[in-house]
There are 2 protein chains.
Amino acid sequence: MNIKEASEKTGVSSAAIRYYEKESLIPEIDRTEVGNRDIDDRIIRRIKFVTQMRAAGMSIENLRRYIQLFDAQEDNTKEQKAILQEQLAVMEEKRDDLQSAIDHLNYKLNHFYDHMETTEEELRELERQHAEKKANQ
Amino acid sequence: MNIKEASEKTGVSSAAIRYYEKESLIPEIDRTEVGNRDIDDRIIRRIKFVTQMRAAGMSIENLRRYIQLFDAQEDNTKEQKAILQEQLAVMEEKRDDLQSAIDHLNYKLNHFYDHMETTEEELRELERQHAEKKANQ
DNA sequence: ATAGACCTTAATGTGTACTTGAAGGCAAGG
DNA sequence: CCTTGCCTTCAAGTACACATTAAGGTCTAT
């Protein structure tokens with residue numbers, strides 16, 4: 001498939017696919033006789049992996065570090081796992097921060113004070129809800 | 001309190017606090033006789049609100065839109081709620097994306113294939129887990 | 001009164017992650 | 001033959017969210 005189809009299939013622009021290839025986030029793509037990229041499903045999956053990690057906030061730089069370990073010959077299983085675990089921790093913290101911001105907004109929507117600062121009252125209530133949630137785990 | 005204390009209290013750099021003020025993400029800050037910013041707890045709370053929303057991925061531009069409605073005289077309750085709700089939806093989607101990436105990484109860590117592409121098998125498994133989770137809600 | 005630590009504004013620089021533009025090649029259709 | 005529409009590379013531009021630097025003012029202590 002050509003780069004345009006791949007772009008449509010992944011939702012990633014053609015330029016971004018070229019960029020990912022240049023930055024080694026995806027493997028080198030095979031070419032047709034005239035030099036056009038010929039993209040297969042393996043590449044599509046790699047693009048989707050990049051997209052998902054990017055959406056989760058993993059930087060291009062970290063992704064490259066991780067992917068280079070995969071593409072290396074040696075057995076880097078430990079390092080790979082370490083990077084994944086590190087990234088996992090980052091993502092879980094992000095998710096929790098996000099959840100607390102969601103709780104905050106929900107609280108605002110439900111109470112809707114006429115001034116927007118988080119009041120002490122409000123902070124205590126959020127704290128209370130947080131403690132309650134933890135107790136339920 | 002001066003800007004440095006405020007910076008330490010919020011974890012936001014002095015430069016960023018000035019920037020937030022300039023961009024109207026926080027109210028105009030009172031000045032001392034010599035023109036230095038004199039920051040009170042109301043401003044601190046506003047800075048923290050900005051920080052939380054920024055961490056949750058709300059752009060400066062959207063934050064400004066929202067905050068300007070608050071600072072306006074008219075009763076913009078509906079619009080304010082609409083913006084919050086819109087932002088809430090964005091954040092919930094983000095959280096879900098993040099969760100699915102977390103699931104994906106956890107799956108990888110538990111199975112650890114020797115090639116990193118998401119296999120069809122793996123995708124089916126993730127789909128299955130997703131369905132199961134939904135059923136449990 | 002001189003140092004050192006704080007402050008001010010305004011302009012410019014930085015890093016990230018792309019996007020856009022320029023200049024051109026190849027193949028099909030009218 | 002020319003246009004359309006895809007592709008290529010390489011370089012330069014863009015948007016965001018600050019960070020840094022320059023050039024100066026003020027306050028406090030020794």
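Protein chains get the first letters and strands the later ones, always in sequence-line order, with residue 1 at the start of each. Only this structure's heavy atoms are used, side chains among them; waters, hydrogens and symmetry mates stay out.
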So which heavy atom on A:Met1 is nearest to which on A:Asp38, and how close? N-OD1, 3.1 Å
For nucleotides 10-29 of chain D, read 5' to 3', which letter fits each nucleotide if B means a protein heavy atom sits under 4.0 Å from the base, S means only the sugar-phosphate is that close, and - means neither? -------BBSB-----SS--
Over how many whole Å does the gap from B:Glu21 atom CD to C:dT8 atom P extend? 9 Å
C:dT8 phosphate, OP1 or OP2: any side-chain N/O from B:Arg37 under 4.0 angstrom? yes
Which whole-number value in Å describes the distance from A:Lys4 NZ to D:dC7 P? 7 Å
Are any side-chain N or O atoms of B:Glu28 and backbone N or O atoms of B:Glu21, one a donor and one an acceptor, separated by less than 3.5 Å? no
Would you mind reading off the distance between A:Ile3 atom CD1 and D:dT9 atom C1', rounded to a whole angstrom? 12 Å
Please check if the side chain of B:Arg54 supplies one atom and the backbone of B:Met58 the other of a donor-acceptor pair under 3.5 Å. yes
Exactly one candidate in B:Asp97, B:Asp103, B:Asp96 meets side-chain hydrogen bond (donor to acceptor under 3.5 Å, both in side chains) with B:Gln99; the answer is B:Asp103
side-chain contact (heavy atoms from CB on, under 4.5 Å) between A:Asp30 and A:Arg37: does it pass, once the steps are laid out? CA-CA 6 Å; A:Asp30 292 341; A:Arg37 285 172 183 80; over 6 Å; no
Rounded distance in Å - CE (B:Met1) to C1' (C:dC7): 16 Å
Going by side-chain hydrogen bond (donor to acceptor under 3.5 Å, both in side chains), name the residues that satisfy it together with B:Glu23, two or more places apart in sequence or in a different chain. B:Arg64
Nearest whole Å is fine: how far is D:dC7 P from A:Asp38 CG? 12 Å
OP1 or OP2 of C:dC7 less than 4.0 angstrom from a side-chain nitrogen or oxygen of B:Asn2, does that happen here? yes
Enumerate the side chain to side chain donor-acceptor pair (under 3.5 Å) contacts for residues 2-17 of chain A, please, sequence neighbours excluded, ordered by first and then second residue. none
Whole angstroms only, please: what is the CG-P distance between A:Leu25 and C:dT16? 13 Å
Rounded distance (Å) that lies between atom P of C:dC18 and atom CD of A:Glu23: 10 Å
Between C1' on D:dC7 and CD1 on A:Ile29, what's the gap in Å once rounded to a whole number? 13 Å
With sequence neighbours excluded, what pairs up with A:Arg95 under the salt bridge (charged side-chain N to carboxylate O under 4.0 Å, His left out) test? none
Which angle, rounded to 10°, do you find between the first-five-pair axis and the last-five-pair axis of the helix from C:dA1-D:dT30 to C:dG30-D:dC1? 20°
State which residues pass salt bridge (charged side-chain N to carboxylate O under 4.0 Å, His left out) with B:Glu86; sequence neighbours excluded, sorted by chain then number. B:Arg65
